[in-house]
Amino acid sequence: MSGNILEVAGVTKVFGGLTAVNDVTMNIPERSIVSVIGPNGAGKTTFFNMITGIYEPTRGTIRLGGRELVGMRPDQVTEAGIARTFQNIRLFSTMTSEENIMVGRHSRLKSGFLDAVLRTKKFHDGEQEARDAARIMLDFVGLGKWRNELATNLPYGDQRKLEIARALATTPKLILLDEPAAGMNPRETEDLKALIRRVRDELGVTVCLIEHDMRLVMTLSEHITVLDYGTKIAEGKPHQVRNDPRVMEAYLGRGAAAGDYGKEERPHA
Ligand SMILES: Nc1ncnc2c1ncn2[C@@H]1O[C@H](COP(=O)(O)OP(=O)(O)OP(=O)(O)O)[C@@H](O)[C@H]1O
């Protein structure tokens, strides 16, 4: 056993003439909290999209617990044990918080289409199980009081937490969070930080985040991988990455203030 839940080796994604991710290798230790950072357009979301089966890599391998994921559809990757949230909130606004999580739980339901049409006992049992699981997840992320509220009526920070709860309802081994703190105020970001720690500590789920909020990244991550123009330019512990000249060049060379990496727009080449 390597001790890594995810092993990404030599992954590349070419879109037409553009190499969005170039030969990236990254290992994520089991039960760790790690981050992928880099200036705008560095290839971070494309990297997540390859791990989750949205894009097939042009080259490279991606293994979860030793099992190859390349070639799997997104739903198969979810089934294998990876859940994710997206940069922009993707909740069903006409559903309640609980229903949004039940949708996430769907991939774990054993009943099929016919069971649903015929309203069999198996379907009802599955429905009840999904509802129970949704309640447990809502309580876990602190949104129990919003159970019957439409997702769209929740405060912004709570909508982001609801997305995390929905992802957790698939009982993943690894959760990928794409800019979970985007648009949050400092208090919401602190809440989020505590929640991410609990996801790892209490649920045993490994966490990998893409994040532009450097304060959050530096205080939460045990390991950081830095991408720039699709290439891995640095990796290590927060203090190592913070002081790496190539990382400073990638951010500061583009006019950002020290300690505030990544909030700048990448200039046009
Ligand atoms: N489907 C696609 N087709 C063509 N080019 C794409 C596609 N998806 C991403 N790209 C390009 O790949 C590069 C990396 O984009 P990506 O969204 O992965 O970066 P990012 O690091 O997530 O950026 P940000 O921090 O702004 O979200 C960009 O130049 C982008 O325009």
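Remember, it's 1-based here, ligands and their atoms both numbered in the order they're listed. Basis for what follows: all heavy atoms, side chains included, without hydrogens, waters or symmetry-related copies.
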Undergrad: Salt bridge check, Arg200 against Glu222: does any charged N sit closer than 4.0 Å to a carboxylate O?
TA: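 Result for this pair is yes, salt bridge flagged.
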Undergrad: Which residue owns the protein heavy atom closest to atom 17 (O) of ligand 1, what's the atom, and how far is it?
TA: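 Going atom by atom, the protein heavy atom closest to atom 17 (O) of ligand 1 ends up being Thr45 CB, 3.9 Å.
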Undergrad: Does this structure show an ion pair linking Glu98 with Arg135, if we count only N-O contacts that are shorter than 4.0 Å?
TA: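 Counted as a salt bridge, because a side-chain N and a carboxylate O are separated by less than 4.0 Å.
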Undergrad: Quick check on His212 - does any of its heavy atoms sit under 4.0 Å from an atom of ligand 1?
TA: yes
Undergrad: Let's go through Thr85 and Asp178 carefully: what are the C-alpha distance in whole Å and the side-chain angles of both, what is the deciding distance for side-chain hydrogen bond (donor to acceptor under 3.5 Å, both in side chains) to 0.1 Å, and is it a yes or a no?
TA: CA-CA 6 Å; Thr85 63; Asp178 195 346; over 6 Å; no
Undergrad: Near Ala42, which atoms of ligand 1 are under 4.0 Å from a heavy atom of that residue?
TA: 19 (O), 20 (P), 21 (O)
Undergrad: If you measure from the Lys or Arg side-chain nitrogens to the Asp or Glu carboxylate oxygens, is any gap between Arg246 and Asp244 under 4.0 Å?
TA: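 Salt bridge between Arg246 and Asp244, a charged N being under 4.0 Å from a carboxylate O: yes.
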Undergrad: Give me the nearest non-hydrogen protein atom to atom 1 (N) of ligand 1 as residue plus atom name, then the distance to 0.1 Å.
TA: Tyr55 OH, 3.0 Å
Undergrad: Within a distance under 4.0 Å of any heavy atom of Gln87, pick out the atoms of ligand 1 and give their elements.
TA: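 Answer, ordered by atom number: 27 (O).
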Undergrad: Are any of the N/O atoms on Gly38, whether in the backbone or the side chain, positioned under 3.5 angstrom from an N/O atom of ligand 1?
TA: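 No.
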Undergrad: Quick check on contacts: which atoms of ligand 1 are under 4.0 angstrom from a heavy atom of Ala20?
TA: 12 (O), 13 (C)
Undergrad: So for Phe48, does at least one of its heavy atoms come nearer than 4.0 angstrom to any atom of ligand 1?
TA: no
Undergrad: Could you walk me through whether Gln87 and Thr45 pass the side-chain hydrogen bond (donor to acceptor under 3.5 Å, both in side chains) test, one step at a time?
TA: CA-CA 8 Å; Gln87 214 166 321; Thr45 298; 3.3 Å; yes
Undergrad: What's the shortest distance from atom 16 (P) of ligand 1 to any protein heavy atom, and which residue and atom give it?
TA: Thr46 OG1, 3.6 Å
Undergrad: Can you check side-chain hydrogen bond (donor to acceptor under 3.5 Å, both in side chains) on Gln128 and Asp132, steps first, answer last?
TA: CA-CA 6 Å; Gln128 191 55 48; Asp132 292 346; 3.0 Å; yes
Undergrad: Starting from atom 5 (N) of ligand 1, find the nearest protein heavy-atom neighbour and note its residue, name and distance.
TA: Phe15 CD1, 3.4 Å
Undergrad: Any N or O on Gly41 sitting closer than 3.5 Å to an N or O of ligand 1?
TA: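 Yes, at least one N or O pair falls under 3.5 Å.
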Undergrad: Would a line drawn from the ring center of Phe86 to the ring center of Phe48 be shorter than 6.0 Å?
TA: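 So the answer is no for these two rings.
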Undergrad: Which bit of Phe47 is near ligand 1, meaning a heavy atom under 4.0 Å away: side chain, backbone, both or neither?
TA: neither
Undergrad: Under the 4.0 Å line, does any protein heavy atom show up next to atom 26 (O) of ligand 1?
TA: yes
Undergrad: Go through the steps for Lys193 and Glu190 under the test salt bridge (Lys or Arg N to Asp or Glu O under 4.0 Å), then give the verdict.
TA: CA-CA 5 Å; Lys193 184 158 75 178; Glu190 276 306 305; 3.5 Å; yes
Undergrad: Is there side-chain contact between Arg242 and Val247, with heavy atoms separated by less than 4.5 Å?
TA: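 Arg242 vs Val247: side chains apart.
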Undergrad: Around atom 21 (O) of ligand 1, find the nearest protein heavy atom and jot down its residue, atom name and distance.
TA: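 Here the nearest protein heavy atom works out to Lys44 NZ, 2.8 Å.
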Undergrad: Does ligand 1 have a heavy atom under 4.0 Å from the side chain of Leu18, from its backbone, from both, or from neither?
TA: side chain
Undergrad: Closest non-hydrogen protein atom to atom 19 (O) of ligand 1, residue and atom name please, with distance?
TA: Gly43 N, 3.2 Å
Undergrad: Does the distance from a Lys or Arg side-chain N to an Asp or Glu carboxylate O, for Arg59 and Asp23, drop under 4.0 Å?
TA: no
